[in-house]
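Input: one structure, supplied below.
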Amino acid sequence: MAISCNTEESKSIHQIIPPDNVIDLFERYTDLWSKGNVDDITDDIYDLPISIYSQDSIYTWRSRNEVKGFLSSTFNNLELNNYGFSVINKWENYREDKKYIIIEMNFTRFFKDSTIMGDKFRKATYILRKSEGNLKISALIPHTTLEE
């Protein structure tokens with residue numbers, strides 16, 4: 001992990017730059033999420049079991065079919081809300097150990113007309129599991145509602 005200091009701002013503010021494999025995973029995830037690609041997110045991005053710690057409940061899915069059902073429902077609701085796409089703004093926290101990476105990402109969602117959907121700077125925290133040389137998301141904490 002590289003950390004660089006922006007000299008134009010306070011020296012206590014650092015920009016976190018995760019390793020390339022983490023950035024690649026999240027760029028692909030963001031692209032697949034923007035397209036509503038249930039199958040590829042289920043097969044290539046999420047690990048089983050996967051847990052989502054929402055603001056009012058904790059969900060854990062142990063099968064691909066459960067994950068697909070959750071994602072299909074989420075993307076249907078996003079479509080009803082005129083969701084267009086998401087972009088990654090920056091990485092806010094990063095911690096890595098032998099089997100897991102914990103990372104917090106700041107992102108923006110946009111409507112189909114490219115105007116900002118909800119908060120400009122949303123956050124989510126992810127736990128990535130390292131398995132056989134691959135990284136997959138095994139848990140996430142959305143700090144805002146997934147469907148808005």
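All residue numbers in this chain count up from 1 along the given sequence. Only heavy atoms go into these numbers, but all of them, side chains included; no hydrogens, no water, no symmetry mates.
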query: Where do I88 and E27 come nearest, in terms of heavy atoms and distance?
result: CD1-N, 4.2 Å

- prompt: Would Y46 and Y126 count as a close aromatic pair, with their ring centres under 6.0 Å?
  reply: no

query: If only atom types and distance count, is the side chain of D113 paired as donor or acceptor with the main-chain N or O of T115 below 3.5 Å?
result: yes

task: Spell out, yes or no, whether I23 and L128 are grouped together once hydrophobic residues are joined by side-chain heavy atoms under 4.5 Å, including indirect joins.
output: yes

message: Looking at K68, is its backbone amide N or carbonyl O close enough to the side chain of S72 to form a donor-acceptor pair, meaning the two atoms are under 3.5 Å apart?
response: yes

message: Any side-chain to backbone donor/acceptor pair from D97 onto K99? Under 3.5 Å, distance only.
response: yes

query: Do any N or O atoms from the side chain of S138 and from the backbone of I127 form a donor-acceptor pair under 3.5 angstrom?
result: yes

query: Between D44 and R28, does at least one N-O distance fall below 4.0 Å, as a salt bridge requires?
result: yes

- prompt: Are W33 and L71 side-chain neighbours, meaning at least one heavy-atom pair lies under 4.5 Å?
  reply: yes

task: Run through R129, R62, K130 and flag the one making a salt bridge (charged side-chain N to carboxylate O under 4.0 Å, His left out) with D47.
output: R129

- request: Compare all side-chain heavy atoms of F70 with those of Y59 and state whether any distance is below 4.5 angstrom.
  value: no

query: Given the rule in the side chain to side chain contact (heavy atoms under 4.5 Å, CB included) test, do F121 and I116 qualify, once you have shown the distances and angles that lead to the verdict?
result: CA-CA 10 Å; F121 299 109; I116 293 172; over 6 Å; no

- prompt: Same cluster or not: are L48 and I141 linked, directly or through other Ile, Leu, Val, Met, Phe, Trp or Tyr residues, by side-chain heavy atoms under 4.5 angstrom apart?
  reply: no

- request: Decide whether F26 and V38 are clustered together by the hydrophobic rule: side chain heavy atoms of Ile, Leu, Val, Met, Phe, Trp, Tyr closer than 4.5 Å, transitively.
  value: yes

message: Take a 6.0 Å sphere around NZ of K90 and say whether it holds more than 12 heavy atoms from other residues, nucleotides or ligands.
response: no

- request: Mind running side chain to side chain contact (heavy atoms under 4.5 Å, CB included) on I45 and L25 for me, showing each step along the way?
  value: CA-CA 7 Å; I45 304 296; L25 173 73; 3.7 Å; yes

field: Nearest heavy-atom neighbours spanning I103 and P18
entry: CD1-CG, 3.6 Å

query: Is there a donor-acceptor contact under 3.5 Å from the side chain of S34 to the main chain of S86?
result: yes

query: Under the 3.5 angstrom rule, does the side chain of R109 hit a backbone N or O of Y83 as a donor-acceptor pair?
result: no

field: Verdict with reasoning, I102 to N93, per side chain to side chain contact (heavy atoms under 4.5 Å, CB included)
entry: CA-CA 8 Å; I102 299 171; N93 291 298; over 6 Å; no

message: Measuring from atom CG of L140 to atom CD1 of I50, what distance do you get when rounded to the nearest 0.5 angstrom?
response: 5.5 Å

message: Quick check for you: to the nearest 0.5 Å, what is the distance between N89 atom CG and N106 atom CG?
response: 4.5 Å

- prompt: Donor-acceptor pair, Q55 side chain versus P142 backbone, under 3.5 Å?
  reply: yes

- line: Exactly one candidate in F110, F111, F107 meets ring-ring contact (aromatic ring centres under 6.0 Å, His included) with F85; the answer is F110

task: Report yes if some heavy atom in the side chain of Y29 is under 4.5 Å from a heavy atom in the side chain of I41; otherwise report no.
output: yes

- request: Could you tell me whether the side chain of V87 reaches within less than 4.5 Å of the side chain of T30, counting heavy atoms only?
  value: no

message: Taking Y53 as the starting point, is it possible to reach W61 by hopping between hydrophobic residues whose side chains are less than 4.5 Å apart?
response: no

- prompt: Are K123 and E104 side-chain neighbours, meaning at least one heavy-atom pair lies under 4.5 Å?
  reply: yes

message: Can you give me the closest heavy-atom contact between K136 and D43, atom names plus distance?
response: NZ-O, 2.9 Å

